[in-house]
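Read the structure below first, then the notes.
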Amino acid sequence: MDHKARLQSHQKWIQEELERSIRFWMKNGMDPVHGGVYTCLDREGKVFSTDKSVWMQGRCAWIFAYLCHVYGVKEEWLAASKSCLDFMERYCINHAVSPPRAGSQKPLRQRRYCFSEGFYAIANAEYYGVTGDKACLERARAAYDLIWNLNQGLVADPTGMGPKTIPETRSGRALANPMIYLNTTSVLRRVDPEQDALYSERAAQCVDEIFRYHYKPELGCTLESVGPNGEFRGDVTEGRVVNPGHDIECSWFLMEDANRKGDKKQHEVAVKIFDQAIEAGWDYEYGGLLYFIDCLGRPPEAYEHDMKLWWPHDEILIASLMIYRDTGDEKYLTWFERTLDYCKEHFSDPEYGDWYGYLRRDGKPTMPACKGSTFKGPFHLPRMLVMCDQMLGQLLAGQ
């Protein structure tokens, strides 16, 4: 098969897989009674828990609006997005503090971190971008600013719960904060050009924090958790944790931002982050990407460290194809195709649609198999499929 035919074959499969995934969630996940989306679904799409996580409501609202942005408005997609947005407004926001994690109608528990606010922000922003609903833009801007102020310590933690660890004993920085905010910034910038200067300033600070504190070329990795000034805490497990999928996701956030600015140096460092993560995390015995590794080769503490989860493989597919598109280096097309083959064999389920979420190290689904959970819903997979469809289209068009 020649090069063009290979790319066309990949794009055809990706488009078909996207259609299967969206059909699965539209058919099985949407709640016609209370609104929002159920994400705890078994292999066939049956609901096995009616709890709803706030961050999955935001992620679902974003993906369905994003589909409208990319492929044109379909009323069922727009209605699904609005259902999740309305659910969050009605049930999820604690107006004294930040959104709690919610059941079908009543709050279940409050979270310390602010990722729910991040997904709420991109959901409202994307919906505004499609519909022009100014109220959604104002909600997105407000949530975006709240996250910034919390992460920068400009406002006190409104939950009153305090941090998970005692600051006097151990404090530090988490990679998730600047990398997720960088991606949130990318979405808001696209739909809200009036605040471009603000978004540029904050994106630059996110990039600086990632490179200054978390990227450790001397260790050959990017660390999830470091000391306040980027100190390597090698004496505790937390300080040695590498999540290869997270690093790979971070790499394409950085590349996307670098491409916007035309910053070749930033792009090169982002590629190095990808290289280090894929080489350290790929399981050359069974295939697939390990979930956690220890940067010094010591035993990881997390029980699931050698499992294969769906979302890191989605991130490999996005990042490897992006590097190939940007550089033309065949090495990254090879990584894309190697990962795609693994996903076709182990994650994809053509019979019922969507992907298994959780595999054992040998590639077999955990049993009973599921397609969704509190943390898995219509987000990582459809995002990857949409982005790869677009990038393959660009490659085929010679861009």
Side-chain angles (χ1 to χ4, degrees), residues 55 111-115 118 151 162-183 206-254 269-286 288-316 318-319 339 357-361 366 373-376 380:
W55 74 347
R111 289 295 198 191
R112 290 177 171 88
Y113 49 64
C114 49
F115 299 125
N151 286 345
K164 291 182 179 180
T165 57
I166 298 171
E168 292 78 11
T169 304
R170 182 179 299 163
S171 62
R173 295 174 176 273
L175 174 63
N177 288 332
M179 67 167 276
I180 297 300
Y181 200 77
L182 179 62
N183 182 246
C206 290
V207 172
D208 179 69
E209 288 183 18
I210 293 167
F211 288 170
R212 182 188 299 266
Y213 301 118
H214 296 277
Y215 174 53
K216 303 293 183 185
E218 70 279 9
L219 293 172
C221 65
T222 303
L223 292 172
E224 288 292 307
S225 177
V226 295
N229 298 304
E231 301 93 336
F232 173 50
R233 300 182 299 194
D235 58 331
V236 293
T237 304
E238 178 189 32
R240 301 191 304 269
V241 168
V242 174
N243 181 332
H246 217 211
D247 292 354
I248 290 168
E249 183 178 26
C250 183
S251 77
W252 74 257
F253 291 172
L254 290 164
V269 177
V271 172
K272 289 178 182 177
I273 290 174
F274 174 89
D275 288 340
Q276 291 170 352
I278 197 83
E279 290 293 346
W282 190 262
D283 184 346
Y284 285 94
E285 183 176 356
Y286 292 101
L289 195 74
L290 298 168
Y291 197 38
F292 292 114
I293 58 174
D294 185 288
C295 72
L296 298 182
R298 296 174 184 171
E301 195 170 81
Y303 297 138
E304 69 274 25
H305 69 91
D306 64 352
M307 288 178 64
K308 313 292 169 61
L309 274 66
W310 86 104
W311 70 263
H313 297 78
D314 293 331
E315 306 312 323
I316 297 173
I318 294 172
T339 306
Y358 308 92
L359 310 179
R360 303 182 311 189
R361 186 185 174 195
T366 56
S373 67
T374 302
F375 301 101
K376 182 184 184 295
H380 284 282

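All residue numbers refer to positions in the sequence shown, counting from 1.
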- Kindly say whether the aromatic ring centers of Phe375 and Trp55 come within a distance under 6.0 Å. yes
- For the residue pair Pro299 and Asp294, what are the closest heavy atoms and their distance? O-OD2, 4.3 Å
- Between NZ of Lys216 and CZ of Phe232, what distance do you get to the nearest 0.5 Å? 9.0 Å
- Query: Is a side-chain donor or acceptor of His313 paired with a backbone partner of Gly288 at a separation under 3.5 angstrom?
  - Reply: no
- Heavy atoms only: give me the nearest Pro178-Ala174 pair and the separation to one decimal. CD-O, 3.2 Å
- Message: Would you compute the distance between atom SG of Cys206 and atom CG of Leu254 and round it to the nearest 0.5 angstrom?
- Response: 9.5 Å
- Message: For a quick check under 3.5 Å, do His380 and Glu315 share a side-chain donor-acceptor pair by atom type?
- Response: yes
- Message: Can you confirm whether Leu175 sits close enough to Cys250 that some side-chain heavy atom of one is under 4.5 Å from a side-chain heavy atom of the other?
- Response: yes
- With side chain to side chain contact (heavy atoms under 4.5 Å, CB included) as the test, would you mind laying out the steps for Asn183 and Ile180 before giving the verdict? CA-CA 5 Å; Asn183 182 246; Ile180 297 300; 5.7 Å; no
- Can you find a heavy atom in the side chain of Tyr291 that is under 4.5 Å from one in the side chain of His305? no
- Using the side chain to side chain contact (heavy atoms under 4.5 Å, CB included) rule, pick out the option among Val269, Ile210, Asp275, Ile273 that qualifies with Ser251. Ile273
- Out of curiosity, Phe274 CZ to Glu249 CD, how far, rounded to the nearest 0.5 Å? 13.0 Å
- Task: Return the minimal non-hydrogen interatomic distance between Gln276 and Tyr215, and the atom names on each side.
- Result: OE1-CE1, 3.7 Å
- Item | Residue pair Val242 / Leu223, side-chain heavy-atom distance below 4.5 Å | yes
- Query: Looking at side-chain heavy atoms only, is the closest gap between Phe115 and Asn177 below 4.5 Å?
  - Reply: yes
- So, the side chain of Asn229 versus the backbone of Glu231: is there a donor-acceptor pair under 3.5 Å, distance only? no
- Message: Nearest 0.5 angstrom please: Arg240 CZ to Glu238 CD, how far?
- Response: 11.0 Å
- Just checking, is any N or O donor in the side chain of Ser225 or Arg173 under 3.5 Å from an acceptor N or O on the other one? no
- Message: For a quick check under 3.5 Å, do Glu279 and Tyr284 share a side-chain donor-acceptor pair by atom type?
- Response: yes
- Flag yes if more than 12 heavy atoms outside Glu301 fall under 6.0 Å of its CD atom; otherwise flag no. no
- Inspect the contact between Lys308 and Asp283 and indicate whether a charged nitrogen and a carboxylate oxygen are less than 4.0 angstrom apart. yes
- Note on the structure: dist Thr366:OG1 -> Arg360:CZ (nearest 0.5 Å) comes out at 9.0 Å
- Item | Check against side chain to side chain contact (heavy atoms under 4.5 Å, CB included), Met179 and His214 | CA-CA 11 Å; Met179 67 167 276; His214 296 277; over 6 Å; no
- Could you tell me the separation between the OG1 atom of Thr222 and the NZ atom of Lys272, rounded to the nearest 0.5 Å? 12.0 Å
- Item | Pro244 side chain near Ile293 side chain, heavy-atom distance below 4.5 Å | yes
- Any side-chain heavy atom of Tyr181 within less than 4.5 Å of one from Glu209? no
- Message: Does Lys376 qualify as a cation-pi partner of Trp310, given the criterion of NZ or CZ under 6.0 Å from the six-membered ring centre and within 45 degrees of its axis?
- Response: yes
- Query: Between Glu224 and His246, does any side-chain donor sit less than 3.5 Å from a side-chain acceptor?
  - Reply: yes
